[in-house]
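Working notes for the structure below.
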Amino acid sequence: MSKVEKIIISILTIALGIAFIVKDPGFVVGYAATAIGCYLCISGGYDYAIRLTLRGSIKAVLGVLLVFFPWLMANILLYLFAAFLIVIGIFYLATLFNSRLKGTPMVLLLLIAILYIVVGVLIIINEFAAQEWIIIVMGVSLIIDGLVSLFDALTTKETKTKKR
């Protein structure tokens, strides 16, 4: 990838992060789901064409669902994420009770386990606030990633590759 391409991608990443923070979550989820759904439909069609029928079919179905039901898919993913956090918290608690940890490591593991469980339950209780915060966190991480990539692109020298 050329230096100019890296700079352009970095700037677009920063702009997307700003859009995630500034725009209404419904706007962001709708357009992101549509874009991802279109990509999955095209990718699924390609996979189907090269005889990867099961993978292509799954991608295409998920793509259609994302295009036509973006909020339903977002809610399903949010609830799966919440369940995942709760299960991880429970596993951490089980690890804590089955281990012989003492002192600071025990307290840290207990705090992490409780945090995972509490965040998972809060996501289930108030999914709309959770969606807004997740989108804001995604926006901040995109901005940070874009700034790091931009700094990297501007400070590294482009090496010329030999043509064969």
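Source: prediction; values computed, not measured. Positions are given from 1 along the sequence.
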*State plainly whether the residues Lys59 and Asp47 are in salt-bridge range, i.e. N to O under 4.0 Å.*
yes

*asked:* Please determine whether the number of non-hydrogen atoms from other residues, nucleotides or ligands lying under 6.0 Å from atom OH of Tyr79 exceeds 12.
replied: yes

_Looking at every heavy atom in both Ala82 and Gly120, which two are closest together, and how far apart are they?_
CB-O, 3.4 Å

*Can you name the nearest heavy-atom pair linking Cys38 to Val67, along with the distance?*
N-CG2, 3.9 Å

_Let me check something: do Ile58 and Leu52 share a hydrophobic cluster, defined by ILVMFWY side-chain heavy atoms less than 4.5 Å apart, either directly or through other members?_
no

*asked:* Is there a path of hydrophobic side-chain contacts, each under 4.5 Å between heavy atoms, that joins Leu72 and Val61?
replied: yes

_Under 3.5 Å donor-acceptor, Asn126 side chain and Leu122 backbone_ = no

*asked:* Restricting to non-hydrogen atoms, name the atom on Gly63 and the atom on Cys41 that form the minimum distance, rounded to 0.1 Å.
replied: C-SG, 3.6 Å

*Give a yes or no answer on whether the side chain of Ser43 reaches the backbone of Tyr39 with a donor-acceptor pair at less than 3.5 Å.*
no

_From Leu109 atom CG to Ile114 atom CD1, the distance as rounded to the nearest 0.5 Å_ = 10.0 Å

*Check whether any side-chain heavy atom of Leu12 lies under 4.5 Å from a side-chain heavy atom of Leu16, and answer yes or no.*
no

*Least distance between heavy atoms, Met106 atom then Leu96 atom*: CG-CD1, 3.4 Å

*Look at the side chain of Thr13 and the backbone N and O of Gly146, then say whether any donor-acceptor pair between them is shorter than 3.5 Å.*
no

*Out of curiosity, Thr155 OG1 to Phe151 CZ, how far, rounded to the nearest 0.5 Å?*
4.5 Å

*Do Ile123 and Phe81 come within less than 4.5 Å of each other through their side chains, counting heavy atoms only?*
yes

*List the atom of Ile7, the atom of Ala153, and the distance in Å for their closest heavy-atom pair.*
CG1-CB, 3.8 Å

*Each residue besides Val107 in its hydrophobic cluster should be listed here, by chain and number; the cluster joins Ile, Leu, Val, Met, Phe, Trp and Tyr at side-chain heavy-atom distances under 4.5 Å.*
Leu111

*Mind checking the CD1-CD1 spacing from Ile117 to Ile112? Nearest 0.5 Å is all I need.*
12.0 Å

*Gap between atom CG of Leu115 and atom CD1 of Ile88 - 0.5 Å precision*: 11.5 Å

*Would you call Leu110 and Leu93 a side-chain contact if the rule is heavy atoms closer than 4.5 Å?*
yes

_Exercise: identify the closest heavy-atom pair between Ala113 and Gly89_ = CB-O, 3.5 Å

*Is there side-chain contact between Ile124 and Ile86, with heavy atoms separated by less than 4.5 Å?*
yes

_Let me confirm one number: the NZ-OG1 distance from Lys6 to Thr156, rounded to the nearest 0.5 Å._
5.0 Å

*Tyr46 reachable from Ile42 in the ILVMFWY side-chain graph, under 4.5 Å edges*: no

*Do Ile21 and Ile143 have side chains that get closer than 4.5 Å, going by heavy atoms?*
yes

*Would you give the length of the straight line joining atom CZ of Phe84 to atom CG of Leu80, rounded to the nearest 0.5 angstrom?*
11.0 Å

*If you link ILVMFWY side chains whenever their heavy atoms are less than 4.5 Å apart, which other residues fall into the same cluster as Phe91? By chain and number, please.*
Val87

*Can you tell if the side chain of Leu40 reaches within under 4.5 Å of the side chain of Leu66, non-hydrogen atoms only?*
yes

*asked:* Using the rule that Ile, Leu, Val, Met, Phe, Trp and Tyr join whenever any side-chain heavy atoms are under 4.5 Å apart, tell me whether Tyr116 and Val118 fall into a single cluster.
replied: yes

_ILVMFWY cluster, Phe69 and Ile76 together (side-chain gap under 4.5 Å)_ = yes

*Can you list the residues that meet the side chain to side chain donor-acceptor pair (under 3.5 Å) rule with Ser141, with sequence neighbours excluded?*
none

